[in-house]
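First listed ligand is number 1; within each ligand, the first listed atom is number 1.
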Amino acid sequence: MARRYGRDILDIAYDEMRHFKWLAPAIAQMGGVPDLKTSPVAPVTTLQAALQKDVDAEVHAIDQYRDHIEVIPRASVRGLLERIIVDERAHLRHF
Ligand SMILES: [Fe+2]
C-alpha cells in the first residue's frame, strides 16, 4: 500500500498538518487549548478496509466541522472551517 499510494497519503497527511497549523491559533484566540492527542489506530489487514477507515474518518471530520460552523459565532473561524472542508471533501474523493 505504501509503495502504491504512499505519495498520495503523504500529501493528505501534509494537508491535515496544515489544518492543525491553521486551527491552533483560532482555537487559542477563542480561549481554547489546541489538543495534540490522537485517537488510537486500529490495525487493518486489507487495502479495502484501510481505505474504508479513511473514508469514514473524512466523513466524520466533515460532519464535525459542519457542527462547529453551526455554533461558532466568529465569521473568520467559520470561513477557515469551510476552507478545511474543501480539503476534506477532496480527500474523501481521493480515498
Ligand atoms: Fe482529510
*Asks:* Under a single-linkage definition using a 4.5 Å side-chain heavy-atom cutoff for Ile, Leu, Val, Met, Phe, Trp and Tyr, are Met30 and Ile69 assigned to the same hydrophobic cluster?
*Replies:*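 Same cluster.
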*Asks:* Which atom name does Glu16 have for its N/O/S atom nearest to the Fe ion (ligand 1)?
*Replies:*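 Closest to the Fe ion (ligand 1) among those atoms: OE2.
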*Asks:* Under the side chain to side chain donor-acceptor pair (under 3.5 Å) rule, collect the residues that match up with Arg78, sequence neighbours excluded.
*Replies:*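 Partners of Arg78 under the side chain to side chain donor-acceptor pair (under 3.5 Å) test: none.
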*Asks:* Starting from the Fe ion (ligand 1), look over the N/O/S atoms of His91 and name the nearest one.
*Replies:*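 Within His91, restricted to N, O or S, the Fe ion (ligand 1) is closest to atom ND1.
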*Asks:* Are Val44 and Ile9 linked, directly or through intermediate hydrophobic residues, by side-chain heavy-atom contacts shorter than 4.5 Å (ILVMFWY only)?
*Replies:*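 Different clusters: Ile9 never reaches Val44 through Ile, Leu, Val, Met, Phe, Trp or Tyr contacts under 4.5 Å.
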*Asks:* Could you tell me which N, O or S atom of Glu88 is nearest to the Fe ion (ligand 1)?
*Replies:*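 Within Glu88, restricted to N, O or S, the Fe ion (ligand 1) is closest to atom OE1.
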*Asks:* Does a side chain donor of either His19 or Glu88 reach within less than 3.5 Å of an acceptor in the other side chain?
*Replies:*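 Yes - a donor-acceptor pair under 3.5 Å links their side chains.
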